[in-house]
Amino acid sequence: MRVILVDDENLALSRLNKLLVEREDCEVIGAFLKAEEAIEQIKQHLPDLVFMDIHMPGMNGIEATERIHEVSPRTEVIFTTAYNEHALTAYGLEVLDYIMKPVTRSRLDKTMKMYQRRAVPAHLNMAENEEEAGMVIRCMGMLQVQLHPNEPPKHLKFRTTKIRELFAYLLHHRNKPIKRDTLLELLWPELDERKGITNLHSGIHRLRGMMNEFMGEDRISVRYQQFGYILETGEFRIDAEEWESRLNRLSALSPSTLAAHRYVSDQYEGKYFGEDDYAWAELERQRLHALWQNHALKLAHYYIESGHPNEALMLYHQMQQFDPMLEEVSLSLMKLYDQLGNKDPVIAQYNQLAAALQQDAGVRPGHEVESWYREWKSKNT
């Protein structure tokens, strides 16, 4: 989450900044001694949180909070103050929390948990709590395993790339038996049947050892069944499966569901087995990515219609990182930067798209992009 700090005391500002930088879930994008300066940045960047001192020269925290509610309605404000609980209640402002100075790490943790409960819609939050006891195998982006919800995911270490692909393929077809001949044709097509079977048996043995070492004894298993093998995931959950389920449960976009839609969009962390780019996963990779991309386009359009162009910019750039040659996204970025009065990014977007298309396919941007850019350039030169 993106955070801005406002306090007229350098020491308090520095201390709070240090506590937030230590957290993996926070990015401090600005720290200001004057509320007037902070308001302009809040209007431009629409942060998730603002930590605000109350007593400051010029515009005080109360006045600044009223302005924040006007320019960035989704931004939550947290007061850091020497005032007691009853005095703050009397102000009647909509703020997330108030923290007595000096801010402590434990008190900050309480506030951040409060924000997470409010930011994540209730039905998603309940789903997370129900699943907290489980373990997750991540195959969107990098192949990783997460054994505990409060620990970062870990990379799985395989002795060979063949064993890695064997695990990935069985995971892709999880809880379903895969014929031995299918695995032989996939992994060792150049070997005769006898040598291929020997390699497969060896690979299964090493795979079982690796899974027991990294995931725990008998938490996930590979069994022989019907002249083949089946990977049973047990208590492990699969990130791609869960992400699609959350996407399908979303209600129509509206002010009340916007946070839920953004939460699900942000959960898409990479293409399915994108790190390995297996050919057999391509259809599923394209299907899941198309689901995310279509949702992200709708979400970006909603942000533009509701007057939050910077949020739309972030989504468009995220799509562009995955697919630099998406002309629809490049054109949307050019139009949006034009609306914001930023000429240089318009030119940069066109040149970036033209270079990517030329390098990869030897073609120029399509008629719609070329036509719009020529017209724009004639008006801006």
Side-chain angles (χ1 to χ4, degrees), residues 136-146 153 155-156 158 160-190 196 200 203-204 207 211 220 222-223 225-234 236-250 261 264-300 315-316 318-330 356-357 359-361 363 366:
V136 182
I137 297 175
R138 300 183 178 276
C139 48
M140 296 176 78
M142 294 181 287
L143 184 57
Q144 297 174 312
V145 62
Q146 187 170 12
H155 291 277
L156 294 172
F158 299 87
T160 68
T161 56
K162 293 286 188 182
I163 297 175
R164 180 185 180 89
E165 187 169 5
L166 173 62
F167 173 77
Y169 191 80
L170 291 173
L171 180 65
H172 178 68
H173 297 282
R174 55 193 170 276
N175 304 316
K176 298 177 183 177
I178 303 300
K179 296 295 184 183
R180 183 186 66 186
D181 290 346
T182 300
L183 296 173
L184 294 177
E185 180 63 29
L186 173 71
L187 297 167
W188 296 281
E190 75 284 359
L200 178 58
I204 292 291
L207 180 56
M211 291 191 303
I220 184 170
V222 178
R223 294 192 299 106
Q225 181 176 319
Q226 299 176 1
F227 300 101
Y229 293 92
I230 179 172
L231 185 146
E232 296 176 327
T233 53
F236 276 91
R237 298 173 286 118
I238 312 301
D239 64 342
E241 197 170 78
E242 290 196 336
W243 177 81
E244 184 174 4
S245 176
R246 288 172 182 164
L247 181 68
N248 291 334
R249 294 200 304 266
L250 287 172
H261 279 264
V264 172
S265 179
D266 289 344
Q267 291 299 298
Y268 186 85
E269 297 182 350
K271 291 186 178 181
Y272 183 69
F273 286 117
E275 182 184 25
D276 301 286
D277 200 29
Y278 297 124
W280 47 262
E282 184 60 25
L283 287 178
E284 183 68 354
R285 183 159 46 243
Q286 290 182 8
R287 187 185 71 83
L288 289 170
H289 189 69
L291 288 175
W292 173 77
Q293 185 175 290
N294 290 337
H295 177 255
L297 285 168
K298 292 177 183 177
L299 186 54
L315 279 169
Y316 283 135
Q318 190 176 0
M319 285 183 266
Q320 199 172 60
Q321 287 178 357
F322 285 114
D323 298 293
M325 293 185 293
L326 280 176
E327 296 192 35
E328 178 183 2
V329 170
S330 296
L357 289 170
Q359 181 177 352
D360 190 79
V363 298

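All heavy atoms count here, side chains included; hydrogens, waters and symmetry mates do not.
A heavy-atom distance below 4.5 Å is not found between the side chains of Val145 and Pro153. Residues Phe236 and Leu171 fail the side-chain proximity criterion, which asks for heavy atoms closer than 4.5 Å. Between Val329 and Leu297, the closest side-chain pair of non-hydrogen atoms falls below 4.5 Å. Considering only heavy atoms from C-beta on, Tyr169 stays 4.5 Å or farther from Leu231 through its side chain.
Annotation: side chain to side chain donor-acceptor pair (under 3.5 Å) contacts involving residues 278-289, sequence neighbours excluded, comprise Glu165-Trp280, Glu244-Arg287, Tyr268-His289, Asp277-Arg285, Glu282-Arg285, Glu282-Gln286, Glu284-Arg287, His289-Asp323.
The aromatic rings of Trp292 and Phe322 stand perpendicular to each other, their planes meeting at an angle above 60°, with 30° marking the opposite boundary.
Trp243 places no side-chain N or O within donor-acceptor distance of the main-chain N or O of Gln267, the cut-off being under 3.5 Å. For the pair Lys162 (side chain) and Leu187 (backbone), a donor-acceptor distance under 3.5 Å is present. Using modelled atom types, no side-chain atom of Gln320 and backbone atom of Leu326 make a donor-acceptor pair closer than 3.5 Å. Here the side chain of Asp360 pairs no donor or acceptor atom with the backbone of Ala356 at under 3.5 angstrom. Judged purely by atom type and a 3.5 angstrom limit, Asn175 uses its side chain to pair as donor or acceptor with the backbone of Thr233.
If you run side-chain contact (heavy atoms from CB on, under 4.5 Å) between Tyr229 and each of Ile204, Leu166, Ile178, Thr182, only Ile204 comes through.
More than 12 heavy atoms of other shown residues, nucleotides or ligands fall within 6.0 angstrom of atom CD in Gln293. Under a cut-off of 6.0 angstrom, the local environment of CD in Gln359 is sparse, with at most 12 non-hydrogen atoms contributed by other residues, nucleotides or ligands.
Put simply, CE on Met319 and CG on Asn294 are 10.0 Å apart, with the number rounded to the nearest 0.5 Å. Leu170 contributes atom CG, which lies 9.5 Å from atom CD1 of Ile230 (distance to the nearest 0.5 angstrom).
Partners of Lys176 under the side-chain contact (heavy atoms from CB on, under 4.5 Å) rule, at least two apart in sequence or in another chain, do not exist in this structure. Scanning for ring-ring contact (aromatic ring centres under 6.0 Å, His included) contacts around His155 gives an empty result, with sequence neighbours left out.
For the residue pair Thr160 and Arg164, no side-chain donor N or O sits within less than 3.5 Å of a side-chain acceptor on the partner.
Ionic pairing of Arg174 and Glu232 is not present here: no N-O contact between side-chain nitrogen and carboxylate oxygen is shorter than 4.0 angstrom.
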